[in-house]
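Below is one structure, written out as structure tokens; comments come after it.
All values reported here derive from a predicted model rather than from experimental measurement.
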Number of protein chains: 2
Amino acid sequence: MKTTATVPHPLPAPLVDAIAERFRILGEPMRIRLLDALRDAPATVQELERATEASQQNVSKHLGVLLRSGLVSRSKEGNFSRYAIADEGVFELCEQVCGGLRRHLDELDAVLSGGGSR
Amino acid sequence: MKTTATVPHPLPAPLVDAIAERFRILGEPMRIRLLDALRDAPATVQELERATEASQQNVSKHLGVLLRSGLVSRSKEGNFSRYAIADEGVFELCEQVCGGLRRHLDELDAVLSGGGSR
DNA sequence: CGATAGCACAACTACATCGTTGTTTGCTAC
DNA sequence: GTAGCAAACAACGATGTAGTTGTGCTATCG
């Protein structure tokens, strides 16, 4: 049993849109920062405000996006809202992206140092 | 030797931006379709035009973005440009995203069928 | 019960980018 | 050298969204 579900090849249009939407949600620095801040432990909006140095409204807005996409979960505790990572897979995604970035940079580096136009 | 490079924890700002940018590049349905069309074999712009049913200019534009980000490579053959996947890791990314989408949908499904507010 | 704190929602402005239209460049063929 | 095709480039209008400002709602406290 494979963990990767092996997507169909000619990707059906709805799946293409769904995949792109999720990537787009992750394509915002502020949201990446929020997820990174939640990596160690769940946190309240206030704590995330301090961690990201953003306004309460902005933090709340992005958390709403992450919540609706199922990447984080929310639990209300009295007067506070505590958010937590709901899908640990995002960190794997980030690490894979970092790997890709490294490959790209190494490639550029090789071109600059080795394969000059002579 | 781990394949995942284990990114630093408080993600430094430039890395956050780089990660977000790559996600943002993948967050466009047209680009996902182009990558999917290139999955089997390299292709010319014309072939990709037909595969995605988009205009030549639009295809060329998105290919330019993918090229600059290092996700595809270009080789000129006479009058044609042949593009190919440069980083096979993107397909792993897509599969992981699909896994996350499935988890989210299952979760919603469980809420709807089982855990009503009772 | 009135006041305050934590959070979410709505309206708005600024900016980025998608897709189109028009044009230019580079190559091949006659 | 002239004609024609493939691909890239440039400018433009339309659309989407990030971040701010302003406000409403719920729970806690005195």
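- Rounded to an integer number of Å, the gap from CG of A/L66 to P of D/dA18 is 11 Å.
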Do any side-chain atoms of residues 14-29 of chain A form donor-acceptor pairs under 3.5 angstrom with protein atoms, and if so which ones, sequence neighbours left out?
{"unit_1": "A/R22", "atom_1": "NH2", "unit_2": "A/S69", "atom_2": "O", "d": "2.5"}

Quick one, give me the B/S/- string for nucleotides 25-30 of chain C, reading 5' to 3', where B means a protein heavy atom under 4.0 Å from the base and S means that only happens at the primed atoms, P, OP1 or OP2. -BBS--
Determine, step by step, whether A/I85 and A/E88 satisfy the side-chain contact (heavy atoms from CB on, under 4.5 Å) criterion, reporting the C-alpha distance in whole Å, the side-chain angles of both residues, the deciding distance to 0.1 Å, and the verdict. CA-CA 6 Å; A/I85 297 292; A/E88 298 280 347; 4.1 Å; yes
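- Separating the CD atom of A/Q56 from the C1' atom of C/dA10 is a distance of 14 Å, rounded to the nearest angstrom.
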Expected string for nucleotides 11-21 of chain C under the B/S/- scheme (protein heavy atoms, under 4.0 Å, primed atoms plus P, OP1, OP2 as sugar-phosphate) is B-----SSBBB
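- The side-chain heavy atoms of A/H9 and B/D40, taken from C-beta on, include a pair separated by under 4.5 Å.
- Base contact: B/S60 has a heavy atom under 4.0 Å from a base atom.
- Of the residues in residues 37-49 of chain A, not one comes within less than 4.0 Å of DNA chain D through any heavy atom.
- Atom CD of A/E53 sits in a sparse spot, with 12 or fewer heavy atoms from other residues, nucleotides or ligands closer than 6.0 Å.
- Counting non-hydrogen atoms under 4.0 angstrom, A/R74 reaches the backbone sugars and phosphates but no base.
- A donor-acceptor pair under 3.5 Å is formed between the side chain of B/E47 and the backbone N or O of B/T44.
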I'd like to know whether A/E95 forms a salt bridge (charged side-chain N to carboxylate O under 4.0 Å, His left out) with A/R39, so could you lay out the CA-CA distance, the side-chain angles of the two residues, the decisive distance to 0.1 Å, and finally the verdict. CA-CA 13 Å; A/E95 284 172 6; A/R39 190 168 188 178; 3.5 Å; yes
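- Rounded to an integer number of Å, the gap from CZ of A/R82 to C1' of C/dC7 is 14 Å.
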Evaluation steps, side-chain contact (heavy atoms from CB on, under 4.5 Å), between A/D87 and B/R103: CA-CA 8 Å; A/D87 187 345; B/R103 282 191 293 275; 2.9 Å; yes
Under-3.5 Å N/O pairs linking protein and nucleotides 13-15 of chain D:
none

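- Between A/I32 atom CD1 and A/T52 atom OG1 the span is 13.5 Å, to the nearest 0.5 Å.
- The nearest whole Å value for the distance from the CD atom in A/E21 to the P atom in D/dG16 is 13 Å.
- With a 4.5 Å cut-off on side-chain heavy atoms, B/L11 and B/V7 count as touching.
- Counting to the nearest Å, the C1' atom of C/dA8 and the CZ atom of A/F80 are 15 Å from each other.
- With sequence neighbours excluded, no residue forms a salt bridge (Lys or Arg N to Asp or Glu O under 4.0 Å) with B/R68.
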